[in-house]
Protein chains: 2
Amino acid sequence: MPRTSQTDLAVLAVLSVAPMSGYAVREAIRDQLGQFWSESFGQIYPTLASLNSAGLVEKVPGERAGSSLFSLTTAGRERLLELLRAPEVTTPPRNGLMLRVFFGHAIGPEAVAALIEQTRDQALQQLSVFDGITRMMQQETEHAEHRPYWALTVSAGRHSALAAVAWCDESLEALATFPR
Amino acid sequence: MPRTSQTDLAVLAVLSVAPMSGYAVREAIRDQLGQFWSESFGQIYPTLASLNSAGLVEKVPGERAGSSLFSLTTAGRERLLELLRAPEVTTPPRNGLMLRVFFGHAIGPEAVAALIEQTRDQALQQLSVFDGITRMMQQETEHAEHRPYWALTVSAGRHSALAAVAWCDESLEALATFPR
DNA sequence: TCATTCATGTAAGTGGTTACATGATTCA
DNA sequence: TGAATCATGTAACCACTTACATGAATGA
């Protein structure tokens, strides 16, 4: 029962690295967590407002004229730890590719193969994204304490993409022998 | 823009294998597609009703007194093919484990390791589920034309679970060297 | 000066879950 | 007769996306 939104957790977590604006929170999530998380403005701003009125974040003056950033309060930091330790909220699975492969008989082996080729391409593209992230991380000097953890997530992405490619290759070979 | 629900696709696809009741549709999804798809009653019954009034499925008398099953119409079969060939609706990623690992510095290496151990256990459990499915599939004599496709999905599940285990092992080793 | 980026927000809609209510059928 | 399973549905709620509206600051 996800009584509390996952967005709370993501926003608090991002703000724990550095105070920033709602706009910057979204950019951080897109650029740093994009491979395994996403939030939209329509979710971030209301969340920030509610966190603020709950005393978990506060507005601090920013560098630019009139701008203000959101910063974690002590209570916010505690709440973050609580949420990080809470059991994961698992969303029910919805894998469109697997659904189509499962009922592949209806569209035939060629159509399924086309779908899988596409998946293979995406996985390869992901691999190059992870390579890019790895290179960027090696140059980065800030946030040294976070980097080893970030490397673990990149490694997870790589493992899963490699597994996807292997399955695609295997399946394409198998599909070639299916009756058409 | 997912103008049309994914549930339509899933329900039509299940009914393409055999006519059945809404209750049976849910059981089929849970038992056969459970690893990569899910639907709730609250979604299935309204969907069945709307598919019926759209002329994509029809009620046919069932074996038991007063019971009736849903069967695909010709239009329903066409619609299914259309949906199977349509581009996949991708839901934005939400990986709670990766989010926690990414911000692992906040809870420390031991807590992260505990999370990963848990994930490893789940992956191993999944592997045994897939073994069970494989055994069941070998005995099954019906639906011979579907079986090769079902085997592909099982293989995908196995690949991904094995990759998960490998990543967990690697990460647990790495975490042991993190400063605490 | 004008396009781009930074920035904040809201309204409408949707796809979905959960919990509840109800009742028939089967079988021990 | 009574428990378990089969069966159908609905009402309330929720997290989230999309699209829209608005405007300040920056820099070519």
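Each chain gets a letter, A, B and so on, in the order its sequence line appears, and its residues count up from 1. All of these numbers come straight from a predicted model, not from anything done at the bench.
Using a 4.5 Å heavy-atom cutoff, the side chains of B:Thr134 and B:Gln138 are in contact. With a 4.5 Å cut-off on side-chain heavy atoms, A:Leu15 and A:Met20 count as touching. By the 4.5 Å heavy-atom criterion applied to side chains, A:Arg135 and A:Asp131 are counted as neighbours. Within the 4.5 Å cutoff, side-chain heavy atoms of B:Phe70 are placed close to those of B:Lys59.
Residues of residues 92-100 of chain B that place a heavy atom closer than 4.0 Å to DNA chain D, in numerical order, are B:Pro92, B:Arg94. DNA chain C lies under 4.0 Å from at least one heavy atom of each of the following residues of residues 37-53 of chain B: B:Ser38, B:Ser40, B:Gly42, B:Gln43. Contacts with DNA chain C (heavy atom under 4.0 Å) in residues 9-28 of chain A: A:Ser21, A:Gly22, A:Tyr23, A:Glu27, listed by number.
Rounded to an integer number of Å, the gap from CD1 of B:Ile29 to P of D:dA7 is 15 Å. To the nearest angstrom, P of D:dA7 lies 13 Å from CZ of B:Arg30. Across the protein-nucleic acid pair, A:Gln6 atom CD and C:dT17 atom C1' stand 15 Å apart, rounded to whole Å.
B:Trp167 is linked by a side chain to side chain donor-acceptor pair (under 3.5 Å) to B:Ser171, counting only residues two or more places apart in sequence or in another chain. With sequence neighbours left out, B:Phe178 forms a ring-ring contact (aromatic ring centres under 6.0 Å, His included) with A:Tyr149.
Taking the six-membered ring where tryptophan is involved, the planes of A:Tyr23 and A:Phe41 are essentially parallel, since the angle between them stays under 30° and well short of 60°. Below 30°, between 30° and 60°, or above 60°: for A:Trp150 and B:Phe102 the angle between ring planes is below 30°, a parallel geometry.
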Hey, can you pull the donor-acceptor pairs under 3.5 Å for the side chains in residues 81-90 of chain B, sequence neighbours left out?
unit_1	atom_1	unit_2	atom_2	d
B:Glu82	OE2	B:Arg79	NH1	2.9
B:Glu88	OE1	A:Leu97	N	3.3

